[in-house]
Structures are given as structure tokens and as C-alpha cells.
Peer 1: 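One structure follows; several queries about it will come next.
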Amino acid sequence: MSDINNRELDRMLQAAFDASTKLYQERGFQRRVGFGKRPALVSVDLANAWTRPGNPFTCDQEKMDNEIIPGMQRLLKAFRAQNLPVVHVTTAYEITDRNAPFTDMGLWHDKIPVDVVDLADKDLWAIDSRIAPVKGEYTLLKKRASSFHGTELAGILRANNVDTILVTGVTACACVRQTICDGIADGFRPIAVRECIGDRVPGAVAWNLFDIDAKFGDVKSVDECVDYIDGLAALNTAAE
């Protein structure tokens, strides 16, 4: 789609959102979960197969290079300064033969090309070097859309007394959304970081963030999230 078409799509979506917001608010939706006392950063699938060009999973490169990665760098700097938990999530499969009688792909390969993300090709599922994990951060390998489904994520977060998850990554319509939905279901306060969430399809980010904000978590800017993290430091200092 051209830039002109994308701008027109954004205009139409915003008009629809404005109308839907009125309906939602009249019916008691769009309540706030708010920030809690101890956050973790959960970065979903910001690995090379999604962040770099040339892969079936490649996402919007302009947004990736100019918004998502720079926003992630700001968040990581803030989290690392306060020694707060960071979880980098990626996806890969060990048995990628679609005709194999047994595979760790489930049936997802019947819908999307998950078979291209082979565990043997570490470069594909490695976290983008621009936001690479540092010592003390955890890299979680998932097999499904949600970062919670069939993984140790909830247990790790609870063991570290986390009550709030700042969720970033790709894609808005699938893995990010499912992570947020499961996050609130598991009792965490999900915060979707607006500038740090992407997709492959025009309009997908705007629509999903609107719907997430109405039903499953709060959508906040990078600035708001960094201010929140910096504020925690001030609270901790005051408490001492």
C-alpha cells in the first residue's frame, strides 16, 4: 500500500475509534489497570527473523528502525539503570519437517510458515543485536503466540515479585496481543508500549492497540513508561 493509502487508512481507523470509544465508555469499558509497584519488560519476538529484512516474518522496517528499536533502547536503559527484570522472548522450532509424524510446531505450520524459524539457525531467532540481552537478562523460547502459553514466564515473574508487564515487540495482531491477554488473565498489569509494537500489515497496530486499551491493558507511550520507571527509583530512595 502507498503512503497516501496508509494515511487514508489511519484517518478512517481514527474515525472508527472515536465512535467506538464513546460506545465503550458508555458501557464501562476502557478502565485502567494502571502501573504497579514492580515492573518487568517483556519484549516479544524482536529477533532477527522479525526485525531484519528478507524473512517471511519480517515486519514494517521503517517503524522497526525508526521507532521500535530506538524506543526499546530507551526502555532497556531505564530498566537496566534500576536493575529491573527484562525478558527477551523469541520463537523457534526443533522439528521443522511439516511431514514429520511428530513436531514441536503443533498445527501452527498449517496456517503460517513457522517451519522457516529453525532452531538450528540461531541467527534467525537471536535477539536483534541493537537490543541484545546483557548479563542478568533472560531469553525465553516459546512455541506458540503467547509468551505465557506453555512457558515458564508467569512463574519467573511471580518469583521476582513482578506485578506489571511492559510489553513490546511484534506482532500486534498475534504474539503481542496474546501475551497481553494471557498476562492480564494471569494477574499481571499489562502495559502496551505504543511506539515499541509493530506488525507486517498496515492498520494492524492501530486497531489492535485500540482494542487492547479497551479490554486487556493500558496503552502508554515510551515517555510515560520511562517516567514511571524513573519515578520508581525516586520512591525507593525516599523509602530508604
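Throughout, numbering of the chain's residues begins at 1 and tracks the sequence.
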Peer 1: For the residue pair L76 and H88, establish whether any side-chain heavy-atom pair is separated by less than 4.5 Å.
Peer 2: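 Result yes, sub-4.5 Å side-chain heavy-atom pair found.
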Peer 1: Distance check, rounded to the nearest 0.5 Å: M64 atom CE versus Q61 atom CD?
Peer 2: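 The CE atom of M64 sits 6.5 Å away from the CD atom of Q61.
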Peer 1: Atom CG in D128, atom CD1 in I69: separation rounded to 0.5 Å?
Peer 2: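 If I round to the nearest 0.5 Å, the distance is 4.5 Å.
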Peer 1: Would you compute the distance between atom CD1 of I165 and atom CZ of R38 and round it to the nearest 0.5 angstrom?
Peer 2: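 Atom-to-atom, I165:CD1 and R38:CZ are 14.5 Å apart.
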Peer 1: What is the minimum heavy-atom distance between C196 and V222, and which atoms define it?
Peer 2: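 Smallest interatomic distance, heavy atoms only, reads SG-CG2, 3.7 Å.
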Peer 1: What are the two closest non-hydrogen atoms of F79 and V86, and how far apart are they?
Peer 2: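 Looks like CB-CG2, 3.9 Å.
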Peer 1: Any side-chain heavy atom of T151 within less than 4.5 Å of one from R144?
Peer 2: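 They are not in contact (no side-chain heavy atoms under 4.5 Å apart), so the answer is no.
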Peer 1: Measure the shortest side-chain to side-chain distance between I184 and K215 over non-hydrogen atoms and say whether it is less than 4.5 angstrom.
Peer 2: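 Not touching, per the 4.5 Å side-chain cut-off.
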Peer 1: How many angstroms lie between CG in D211 and OG in S20, if you round to the nearest 0.5 Å?
Peer 2: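 OG of S20 is found 9.0 Å from CG of D211.
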Peer 1: So if you build clusters from Ile, Leu, Val, Met, Phe, Trp, Tyr with side-chain heavy-atom gaps below 4.5 Å, do L119 and I112 land together?
Peer 2: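 Yes, same cluster.
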Peer 1: I need the R177 CZ to I212 CD1 distance, nearest 0.5 Å.
Peer 2: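 Between R177 CZ and I212 CD1, I get 5.5 Å after rounding to 0.5 Å.
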Peer 1: Check whether any side-chain heavy atom of L41 sits under 4.5 Å from a side-chain heavy atom of L84, and report yes or no.
Peer 2: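 Counting from C-beta outward, L41 and L84 never come under 4.5 Å.
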Peer 1: Taking R32 first and then D213, would you say they form a salt bridge - that is, a charged N and a carboxylate O separated by under 4.0 Å?
Peer 2: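 Here R32 pairs with D213 in a salt bridge, since their nearest N and O are under 4.0 Å apart.
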Peer 1: Tell me, do P39 and L232 make a side-chain contact under 4.5 Å, heavy atoms counted?
Peer 2: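 In short, these two side chains touch, coming nearer than 4.5 Å.
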Peer 1: Determine the interplanar angle of the Y24 and F210 rings, folded into 0 to 90°, and report it as parallel if under 30°, tilted if 30 to 60°, perpendicular if over 60°.
Peer 2: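 Taking F210 first and then Y24, their aromatic rings sit tilted (interplane angle of 30° to 60°).
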Peer 1: Starting from L124, can I reach V44 by hopping between I/L/V/M/F/W/Y residues whose side chains sit under 4.5 Å apart?
Peer 2: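 Each belongs to a different hydrophobic cluster.
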Peer 1: Do I131 and Q73 touch side chain to side chain, with heavy atoms closer than 4.5 Å?
Peer 2: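 They are in contact (side-chain heavy atoms under 4.5 Å apart), so the answer is yes.
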Peer 1: Would you indicate whether L107, at its atom CG, is surrounded by more than 12 heavy atoms from other residues, nucleotides or ligands within a distance under 6.0 Å?
Peer 2: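 Incorrect, the count does not exceed 12.
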Peer 1: Is it the case that one hydrophobic cluster holds both L13 and V201, taking links as side-chain heavy atoms less than 4.5 Å apart, direct or via other members?
Peer 2: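 No, it is not one cluster - the side chains of L13 and V201 are not joined through contacts under 4.5 Å.
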Peer 1: When you compare the side chain of F57 with that of V170, does any pair of heavy atoms fall below 4.5 Å?
Peer 2: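 V170 vs F57: side chains apart.
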Peer 1: Can you classify the ring geometry of F35 versus Y228 as parallel (below 30°), tilted (30 to 60°) or perpendicular (above 60°)?
Peer 2: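 It falls in the parallel class, under 30°.
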Peer 1: Give a yes or no on whether the backbone of S147 and the side-chain of T179 come within a donor-acceptor separation of less than 3.5 Å.
Peer 2: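 Yes.
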Peer 1: Counting only heavy atoms not in R27, do more than 12 fall under 6.0 Å of its CZ?
Peer 2: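 Counting other residues, nucleotides and ligands, CZ of R27 stays at 12 neighbours or fewer.
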